[in-house]
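Quick notes on the structure that follows.
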Amino acid sequence: MDFSGHELQAAGGSVPDGLAVEVTASTWRMRGTDHSPPRCAALTGKVGERAACGIYEWRPNPCRELEPASDACERARARHGLSPLAPRML
Ligand code: SF4
């Protein structure tokens, strides 16, 4: 997910500049999130076992807005072969 360059430390924000890559003149994304398979450069640990955001307090807004068990969260979990957090109502 892309975020505004205003969120970078160089622009007075909190996201460490070296962990982000420029996408357009005004938008950036976390380094590694567009790799295949994707892995954010700020992620520590092993997905599915024990993982954490290494810049949790300084993460960009799209990361702050992603709610646990939201559709986007569940899709991301599924891509990594993880079970859903929330039981599905059928
Ligand atoms: S929450 Fe942290 S590890 Fe996850 S994508 Fe955002 S910056 Fe990267």
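As the structure lists them, so they are numbered: ligands from 1, and atoms in each ligand from 1. Quantities reported herein were computed from a predicted structural model and do not represent experimental measurements.
In this structure, Arg39 contributes its side chain and Leu43 its backbone to a donor-acceptor pair below 3.5 Å.
Note: Phe3 CZ to Glu65 CD = 12.5 Å, rounded to the nearest 0.5 Å. Note that SG of Cys73 and CD of Glu67 are 9.5 Å apart. Values are rounded to the nearest 0.5 Å. The line from OG of Ser70 to CZ of Arg77 is 11.0 Å long, rounded to the nearest 0.5 Å.
Those atoms of ligand 1 with a heavy atom of Cys63 less than 4.0 angstrom away are 1 (S), 5 (S), 6 (Fe), 7 (S).
Taking 2.8 Å as the threshold, Cys40 counts as a candidate ligand of atom 8 (Fe) of ligand 1, since one of its N, O or S atoms lies below it.
Within the 4.0 Å cut-off (strictly below), a protein heavy atom is located near atom 1 (S) of ligand 1.
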